[in-house]
Amino acid sequence: MKLKPIKPFEPVRANKIPIGGDWIAQIKWDGVRMLTYYDGQVVKLYNRKLNEKTVQYPELLAIEKYCRAESVILDGELVALEHGTPSFHKIMKRDSKRIVREIERLSANIPIYYMIFDVLYLNAEWVINKPLAERLQILQEIINPTEHIQLVQSFVDGEKVFEAVQSRGMEGIVCKDLTKAYLLDKKDDRWVKIKNYQDIAAVVGGVTLKEGIVNSIVLGLYDRSGQLHYIGHGGTGKLTARDRQELTENIKPLIIKESPFINPAKRSKEAVWLKPTLAVKVKYLEWTGGRTLRQPSIQAFIDFPTKSCTFAEEMEGNG
């Protein structure tokens, strides 16, 4: 592939929805950020951390079926649904597989949807310096929507979109300034995210067991000096009985004698300590005054470097 993967633009968090004629709102899909690269011959897929995911999503490789372009870089979100609502747990089941036979099986059982929201490169030319309004118009011209390939809808009334997102328990919205260009490997307030709930990437420092099977996960985050802090016990949330059984087997080589945390963890006598090599996405209500999470729930195990699970690092989704 002739095109070199790039890190995409990301939004900043905001508490208020921007108002004005230059702003649009889009649903923040709870999925995996994915850029599609087509150099005219080969299609490749890379996530926002520059990890190649081409093998995991064969449905996107026949680009001529959904995109009229001689070469292109598309930016979007890969989503899997559960009861009609995006499920991060399900998309991570697809994202984590590397064996072709398993991917083929999951492709039938867990269909994915590519929600495209930007175009960065078209027919051998970069279009990132064009305002978002023009880039969205380009997408309308080159994308042929299918059941599983869709353009993300843009709305003028961000308040109404956020109310709809809240009513369905979805992640939130991203508001974008139509007059602005796209910046590579940057983030600023030309895109802002307003979240319906909080989530972070956290380190697995241990587990508790019930009848020999993982029952909860002991969570941690690193500080700036590289020390791991206990931040709470997470219920297994979206993990199925089969997931918990597999986890119980997979953690056996990671078991250590001493706690990896620098501060005391609750229910430490019940804990089985682990080398801090696994990361999870955690949904939670808020932080307590003691720097622990209130009502943490495990959403999925993620391909994320544990040293990047810090008090400042958060999971990002659409935009």
Side-chain angles (χ1 to χ4, degrees), residues 6-36 48 66-69 72-79 81 84-86 113-146 148-199 314-319:
I6 51 89
K7 287 189 176 182
F9 182 69
E10 296 184 11
V12 297
R13 179 168 292 182
N15 295 320
K16 294 183 178 180
I17 297 172
I19 299 175
D22 293 332
W23 287 92
I24 51 99
Q26 298 177 338
I27 292 175
K28 191 177 193 303
W29 299 95
D30 195 8
V32 176
R33 185 83 174 266
M34 196 67 62
L35 275 69
T36 300
R48 71 185 184 95
Y66 63 88
C67 182
R68 297 186 296 271
V72 75
I73 299 176
L74 300 170
D75 193 355
E77 193 86 359
L78 279 174
V79 181
L81 301 180
T85 301
Y113 300 84
Y114 192 32
M115 309 302 295
I116 301 169
F117 52 75
D118 219 323
V119 56
L120 315 186
Y121 183 88
L122 177 68
N123 298 339
E125 294 185 1
W126 289 97
V127 295
I128 55 176
N129 289 327
K130 295 181 181 294
L132 175 60
E134 289 189 32
R135 303 199 308 274
L136 293 179
Q137 182 59 42
I138 291 172
L139 285 177
Q140 291 287 343
E141 295 169 358
I142 66 172
I143 298 299
N144 301 313
T146 69
H148 295 279
I149 310 291
Q150 295 288 324
L151 290 176
V152 172
Q153 287 185 277
S154 300
F155 303 91
V156 174
D157 194 333
E159 296 283 355
K160 286 187 177 180
V161 180
F162 192 68
E163 289 174 5
V165 163
Q166 286 181 307
S167 69
R168 298 196 63 180
M170 297 175 70
E171 186 179 6
I173 63 174
V174 178
C175 296
K176 301 177 179 179
D177 188 333
L178 288 169
T179 68
K180 300 296 185 180
Y182 186 108
L183 300 178
L184 302 180
D185 194 16
K186 301 286 184 181
K187 61 167 61 178
D188 70 20
D189 60 3
R190 67 189 65 192
W191 290 11
V192 297
K193 58 182 178 180
I194 297 93
K195 303 194 78 173
N196 184 34
Y197 60 78
Q198 309 298 320
D199 56 51
E314 295 184 356
M315 290 297 297
E316 304 284 352
N318 172 3

### Message
Restricting to side-chain hydrogen bond (donor to acceptor under 3.5 Å, both in side chains), what partner residues turn up for Asp185, sequence neighbours left out?
### Response
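Applying side-chain hydrogen bond (donor to acceptor under 3.5 Å, both in side chains) to Asp185 gives none.
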#### Entry: Under the side-chain hydrogen bond (donor to acceptor under 3.5 Å, both in side chains) test, residues paired with Thr179 that sit two or more places apart
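Result, side-chain hydrogen bond (donor to acceptor under 3.5 Å, both in side chains) vs Thr179: Asp177.
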Could you measure the distance from the [atom1] atom of [X] to the [atom2] atom of [Y]? Nearest 0.5 Å is fine.
X	Y	atom1	atom2	answer
Arg48	Glu10	CZ	CD	4.5 Å
Lys187	Arg13	NZ	CZ	9.5 Å
Lys7	Leu184	NZ	CG	12.0 Å
Glu125	Lys130	CD	NZ	8.0 Å
Ile173	Lys195	CD1	NZ	12.5 Å

### Message
For Asp188, give me all partners under salt bridge (Lys or Arg N to Asp or Glu O under 4.0 Å), at least two apart in sequence or on another chain.
### Response
Arg190
Side-chain donor-acceptor pairs of residues 153-163 under 3.5 Å, sequence neighbours excluded:
unit_1	atom_1	unit_2	atom_2	d
Ser154	OG	Gln26	NE2	3.1
Asp157	OD1	Glu159	N	3.2
Asp157	OD1	Lys160	N	3.2

### Message
With a 6.0 Å cut-off on the ring centroids, do Tyr182 and Trp191 count as close?
### Response
yes
If you compare all heavy atoms of [X] against all heavy atoms of [Y], which two are closest, and at what distance to 0.1 Å?
X	Y	answer
Leu178	Gly21	CD1-O, 4.4 Å
Ile27	Met170	CG2-CE, 3.6 Å
Leu74	Leu139	CD2-CD2, 3.9 Å
Leu81	Pro86	CD2-N, 3.7 Å

### Query
Taking the side chain from Tyr114 and the backbone from Met34, do they hold a donor-acceptor pair closer than 3.5 Å?
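It does hold such a pair.
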### Task
Please report the C-alpha distance between Asp75 and Arg33 in whole Å, then the side-chain angles of each, then the deciding distance to 0.1 Å, and finally whether the side chain to side chain contact (heavy atoms under 4.5 Å, CB included) criterion is met.
CA-CA 8 Å; Asp75 193 355; Arg33 185 83 174 266; 2.8 Å; yes
### Message
Set out, in order, the CA-CA distance, both residues' side-chain angles and the distance that settles side chain to side chain contact (heavy atoms under 4.5 Å, CB included) for Thr85 and Asp30, then state yes or no.
### Response
CA-CA 9 Å; Thr85 301; Asp30 195 8; over 6 Å; no
### Task
Name all residues meeting the side-chain contact (heavy atoms from CB on, under 4.5 Å) criterion together with Pro145; count only those two or more places apart in sequence or in a different chain, and write none if there are none.
Ile143, Gln150
### Query
Should Ile116 and Ile149 be marked as a side chain to side chain contact (heavy atoms under 4.5 Å, CB included) after you check the CA-CA gap, both sets of side-chain angles, and the distance that decides it?
CA-CA 8 Å; Ile116 301 169; Ile149 310 291; 3.8 Å; yes
### Intermediate values then yes/no, side chain to side chain contact (heavy atoms under 4.5 Å, CB included), Ile24 and Lys176
CA-CA 5 Å; Ile24 51 99; Lys176 301 177 179 179; 4.0 Å; yes
Only pairs under 3.5 Å count here: list side-chain donor-acceptor contacts from residues 117-124, not counting sequence neighbours, and write none if there are none.
unit_1	atom_1	unit_2	atom_2	d
Asp118	OD1	Arg135	NE	2.7
Asp118	OD2	Arg135	NH2	3.0
Asn123	OD1	Glu70	N	2.7

